[in-house]
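So the structure is just underneath, and the comments pick up after that.
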Amino acid sequence: MTTRTKIKDVLKGNLIDQTVNVKGWVRTFRNNSFIAINDGSSINNIQAVVNFENTNPDTLKRITPGACVGVTGKLVASQGKGQTVEIIVSDIEIYGDAESDVTKPNSYPLQPKAHSLEFLREIAHLRFRTNTFGAIFRVRHTLAYAIHKFFNEKGFVYMHTPIITSSDAEGAGEMFRVSTLDPKNPPLTETGEIDYKQDFFGKSTNLTVSGQLEGELAAMAFSDVYTFGPTFRAENSNTARHLAEFWMIEPEMAFYDLKDNMALAEEMLKYVITYALDKNKEDIEFLSQRLLDEEKNKPQTERSELNLLEKLNFCLGNEFAKITYTEAIDILRESNHNKKKKFQYIIEGWGADLQSEHERYLVEKHFKKPVILTDYPKDIKSFYMRMNDDGKTVAAMDILFPGIGEIIGGSQREERLEKLESRMKDMHIPTEEMSWYLDTRRFGACPHAGFGLGFERLVLFVTGMTNIRDVIAFPRTPNNCEF
RNA sequence: UCCUUCUUAGCUCAGCUGGUUAGAGCACAUGACUGUUAAUCAUGGGGUCCCUGGUUCGAGCCCAGGAGAGGGAGCCA
């Protein structure tokens, strides 16, 4: 009995002349002889050669795209040109058929031809079996692993912050309500409001929009912590960069100021991208080529200057540009783009929030590399960000990536109790409910900082994909919760 | 949520100024071939033209409403 070998390992070729067994799903069956089998361990298929003259014709008919097969045979150097090794099949087992006749109901929808990303999104449960999505989700895995590896090597503690929260004061966005009350007949208070005292938790609860506040509590004990978990926003955002359910990495570090925070973020991004380039070289090369092929149909002016691999390497080889909000406003105001009124929103003066066209100009036209923007006006940022000495700006930072926009948002936190409380009052955030959070400022407060990295946006950048729905297995967006 | 474009065969698309029986490539089926590389060659089947209503002698095409998708914007990660 030969034990199964993963196709990735068979392709290494050091098992040559040995009998091997592989199991996987048929991609194509050419010439009644050559089965391309993929088991997800690699972007590459193994070619299994059957002798159709002494194989049962009924078995041959069942070798169709999508079918699951196991083959046993001798691994030999390939006679053909497209691959170095192949398996001469001595035994084949069909584990699961896949109907290939499209005139029949429930036929396998993936055909040996190119499909549009939009079509594959409708069959997200099967799209893992394509080259593109195989590559994307292997890269996604590697990036997730690299993030844990990076923080672990730096001595960070991985915190699991709660998914269900009662805090509605984080201000990061609209929340999904969590309730076990009967939606048709909820208990009411005397004033006619829904009585959440009778709900499961005895109060109104929601899905988390951020683990940051809980992360800060932990950082006041472990010094360096991070979270990596699902996050939920009930915003009615219909863009290629937003999801209702996404994964976020939120490190929080005691004794870090904004500069330390920025340096950690840049180091982490470069670390994980380097790691993925090393571990998933073939996948990223495939995705790079996919992007080139896609852009062939576009006019010259819309094509990228760098291919995906070059773009990633360029990002690794250069320091991120670091400028303050105030400097960014000056650059934008003095730009020909602004003077020629090419912006939809003309930069008038200091204080306005930057529109994505401005961010894109800074990243893609002016600096042509990732940009860290710092020290935003306090009025356009969150209550917990540390007030700068000028009294006008806060110690915030956003990292902007080409093609993606904001990939990281972070800040040094306001550790001074009085200043934090007065900010909360200004922004109508109830300090009583947030007493547990304010305790960190009452007992052994220290300067600290942290940031949030949108994991899917990182995956977008590394895979060169342009729609966030294509880098998460089963995307949740307004009006869409399939699978 | 706003702006905009689209929806025709399993997939990707064409369809002229509103005109008779709606096309192509790929996929699929059948056959041939048998060292292929999304195999090739031949033959064949395959349509609720997104839905509802309207205009018209006549609607895939025009009008109104609806649904779904793409791109852009806002909010953000």
Side-chain angles (χ1 to χ4, degrees), chain A residues 26-36 44-45 47-53 60-61 64-65 76 78-83 86 88 99-123 130-131 170-174 209-212 230-250 265 297 302 343-345 353-360 380-382 398-401 404-410 451-461 466-470 472 477-480 482:
Chain A
V26 175
R27 286 296 176 79
T28 63
F29 182 36
R30 289 184 294 267
N31 219 0
N32 221 11
S33 305
F34 305 100
I35 318 170
N44 297 307
N45 307 322
Q47 173 159 289
V49 188
V50 290
N51 183 337
F52 61 87
E53 281 169 337
L60 290 175
K61 284 200 171 181
T64 59
V76 300
S78 177
Q79 294 175 37
K81 281 179 183 163
Q83 55 284 317
E86 64 191 15
I88 304 301
E99 178 58 62
S100 59
D101 186 344
V102 294
T103 63
K104 292 180 179 166
N106 297 319
S107 62
Y108 187 62
L110 291 173
Q111 303 162 4
K113 56 171 283 189
H115 294 289
S116 67
L117 294 172
E118 289 82 4
F119 173 67
L120 293 172
R121 232 169 264 155
E122 292 171 14
I123 50 167
T130 62
N131 287 332
E170 290 164 33
E174 290 295 310
V209 292
S210 165
Q212 180 199 314
T231 310
F232 308 87
R233 305 263 169 102
E235 303 282 356
N236 191 10
S237 298
N238 292 286
T239 80
R241 300 178 304 282
H242 290 86
L243 290 163
E245 176 182 299
F246 63 101
W247 288 67
M248 191 153 62
I249 296 101
E250 295 179 287
N297 303 320
E302 287 176 35
F343 287 128
Q344 200 182 336
Y345 297 88
D353 211 347
L354 298 179
Q355 307 292 323
S356 51
E357 60 176 341
H358 304 134
E359 296 181 348
R360 287 230 309 278
I380 57 173
K381 286 290 175 183
S382 303
D398 283 358
I399 302 188
L400 311 176
F401 263 37
I404 314 283
E406 185 178 345
I407 197 168
I408 279 181
F451 60 84
L453 165 68
F455 185 55
E456 281 76 17
R457 291 190 180 172
L458 174 66
V459 182
L460 273 181
F461 182 72
T466 51
N467 193 314
I468 203 162
R469 294 172 181 89
D470 295 328
I472 188 167
T477 53
N479 271 314
N480 178 32
E482 295 302 311

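Below, chains carry the letters A, B, ... as their sequence lines are ordered, and counting in each starts from 1. Here the structure is a predicted model, which means the values were calculated and not measured.
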Polar atoms only, N or O, under 3.5 Å: list the protein pairs with nucleotides 31-33 of chain B and their distances.
none

Protein-nucleotides 5-11 of chain B N/O pairs under 3.5 Å:
{"unit_1": "B:G10", "atom_1": "N2", "unit_2": "A:Gln111", "atom_2": "OE1", "d": "2.9"}
{"unit_1": "B:G10", "atom_1": "N3", "unit_2": "A:Gln111", "atom_2": "NE2", "d": "3.2"}
{"unit_1": "B:C11", "atom_1": "O2", "unit_2": "A:Lys113", "atom_2": "NZ", "d": "2.4"}

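Here B:C75 is the nucleotide among B:C75, B:A29, B:U36 with the atom lying nearest to any side-chain atom of A:Glu235. The nucleotide whose nearest atom lies closest to any side-chain atom of A:His242 is, among B:G74, B:C76, B:A69, B:C76. Of the candidates B:U36, B:A77, B:C75, B:U36 carries the atom nearest the A:Phe34 side chain, counting heavy atoms from C-beta on. Set against B:C28, B:C75, B:U34, the side chain of A:Ser100 has B:C28 as its closest nucleotide. Among the nucleotides B:G70, B:C28, B:U36, the one closest to the side chain of A:Pro112 is B:C28.
Taking the C1' atoms as reference points, B:C57 lies 12 Å from B:G18, given to the whole Å. Comparing the same atom, C1', in B:A67 and in B:A14 gives a spacing of 25 Å after rounding to whole Å. Going from the P atom of B:C61 to that of B:U7 covers 11 Å, rounded to whole Å. Comparing the same atom, C1', in B:A22 and in B:C49 gives a spacing of 8 Å after rounding to whole Å. Taking atom C1' on both B:U5 and B:U20, the two are 32 Å apart, rounded to the nearest angstrom.
We find that CD of A:Gln47 is positioned 7 Å from C1' of B:U36, with the value rounded to whole Å. As rounded to whole Å, 13 Å separates atom C1' of B:A73 from atom CG of A:Asn236. The interatomic distance linking A:Leu110 (CG) with B:U12 (P) rounds to 12 Å, in whole Å. Nucleotide B:U36 holds its P atom 13 Å from the CZ atom of A:Phe52, rounded to whole Å. Distance CZ (A:Phe343) to C1' (B:A73): 15 Å, rounded to an integer number of Å. If you measure from atom CG of A:Asn238 to atom C1' of B:C3, you get 13 Å, rounded to the nearest angstrom. Straight-line distance from the CD atom of A:Glu53 to the C1' atom of B:U34: 8 Å, rounded to whole Å. Taking atom CZ on A:Phe401 and atom C1' on B:C76, their separation rounds to 17 Å, with Å as the unit.
Across all strands, A:Leu243 comes closer than 4.0 Å to base atoms (heavy-atom distances). Counting any heavy atom pair closer than 4.0 Å across all strands shown, A:Glu456 reaches no nucleic acid atom. In this structure, A:Ile407 reaches the sugar-phosphate backbone alone: every heavy-atom distance under 4.0 Å involves primed, P, OP1 or OP2 atoms, never a base. Counting any heavy atom pair closer than 4.0 Å across all strands shown, A:Gly80 reaches a base atom. Residue A:Ser78 is in base contact, counting any heavy-atom pair closer than 4.0 Å across all strands shown.
Nucleotide B:U52 has B:A64 as its partner under the Watson-Crick or G-U criteria, with both atom distances under 3.5 Å. Here B:C11 sits opposite B:G25 as a Watson-Crick or G-U wobble pair (both hydrogen-bonding atom distances under 3.5 Å).
OP1 or OP2 of B:A39 lies within a sub-4.0 Å distance of a side-chain N or O belonging to A:Thr28. For A:Arg30 and B:U36, the shortest distance from a side-chain N or O to OP1 or OP2 is not below 4.0 Å. Checking the phosphate oxygens (OP1, OP2) of B:A38, no side-chain nitrogen or oxygen of A:Asn45 falls inside 4.0 Å. Within the 4.0 Å cut-off from OP1 or OP2 of B:G70, at least one side-chain nitrogen or oxygen of A:Arg121 is found. Proximity of A:Thr239 to the phosphate of B:G74: no side-chain N or O atom is located under 4.0 Å from OP1 or OP2.
With no hydrogens or angles considered, a side-chain donor-acceptor pair links A:Gln47 and A:Arg30 at under 3.5 Å.
Checking A:Arg469 against A:Leu453, the closest nucleotide of RNA chain B that is more toward the 5' end is the one next to A:Arg469.
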